[in-house]
Amino acid sequence: MDIYEDARTVSRADLAAWLRQLASQLETTGQVFYGAAGTIAVADQVRCELEIEQEDQDEFSIEIEFSWVNPKAATTTDAPGVRTADAAATEEPESAEGATGE
């Protein structure tokens with residue numbers, strides 16, 4: 001399920017500023033701010049991917065992706081191997097897209 005998506009053409013300088021802003025948010029608050037008033041908390045441990053592709057002779061793309069499991073979803077009951085109803089309903093997200101340059 002998509003929560004938010006934004007695609008636009010920006011200058012290389014604006015892209016660098018946006019990436020610095022994102023890094024600052026992660027470092028200082030542990031959250032990513034998006035849209036008018038949206039935020040998402042990022043776990044202390046995340047899975048990261050960097051993919052660089054050449055689409056054709058003149059087109060390239062860089063995809064930065066990171067994903068994580070909500071720590072509350074990983075909570076278990078007293079019985080080993082049994083997840084709570086909350087954890088069973090919340091599976092690991094496929095991905096949280098950090099930035100895409102296409």
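Side-chain atoms are counted along with the backbone in the values below, which use heavy atoms only and exclude waters and symmetry mates. Bear in mind that the values here come from a model prediction, so they are computed numbers and not experimental data.
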(request) Answer yes or no: is there an ion pair linking R8 with D6, defined by an N-O contact shorter than 4.0 Å? (result)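 Counted as a salt bridge, because a side-chain N and a carboxylate O are separated by less than 4.0 Å.
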
If you compare all heavy atoms of [X] against all heavy atoms of [Y], which two are closest, and at what distance to 0.1 Å?
X: F33; Y: Q25; value: N-OE1, 3.1 Å
X: A43; Y: W68; value: CB-CD1, 3.5 Å
X: Y34; Y: I40; value: CE2-N, 4.0 Å

Student check: side-chain heavy atoms of [X] and [Y] closer than 4.5 Å:
X: L50; Y: I62; answer: yes
X: D14; Y: W18; answer: no
X: E5; Y: D2; answer: yes

(request) Spell out, as yes or no, whether a donor-acceptor pair under 3.5 Å connects the side chain of D56 to the backbone of D58. (result)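 Pair found, side chain donor or acceptor close to backbone of D58.
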
(request) Say whether, by atom type as modelled, one donor and one acceptor occur between the side chain of E53 and the main chain of E55 under 3.5 angstrom. (result) no

(message) I'd like to know whether L26 forms a side chain to side chain contact (heavy atoms under 4.5 Å, CB included) with V32, so could you lay out the CA-CA distance, the side-chain angles of the two residues, the decisive distance to 0.1 Å, and finally the verdict.
(response) CA-CA 6 Å; L26 287 168; V32 172; 3.8 Å; yes

(request) State the CD-OG distance between Q54 and S61, to the nearest 0.5 angstrom. (result) 10.0 Å

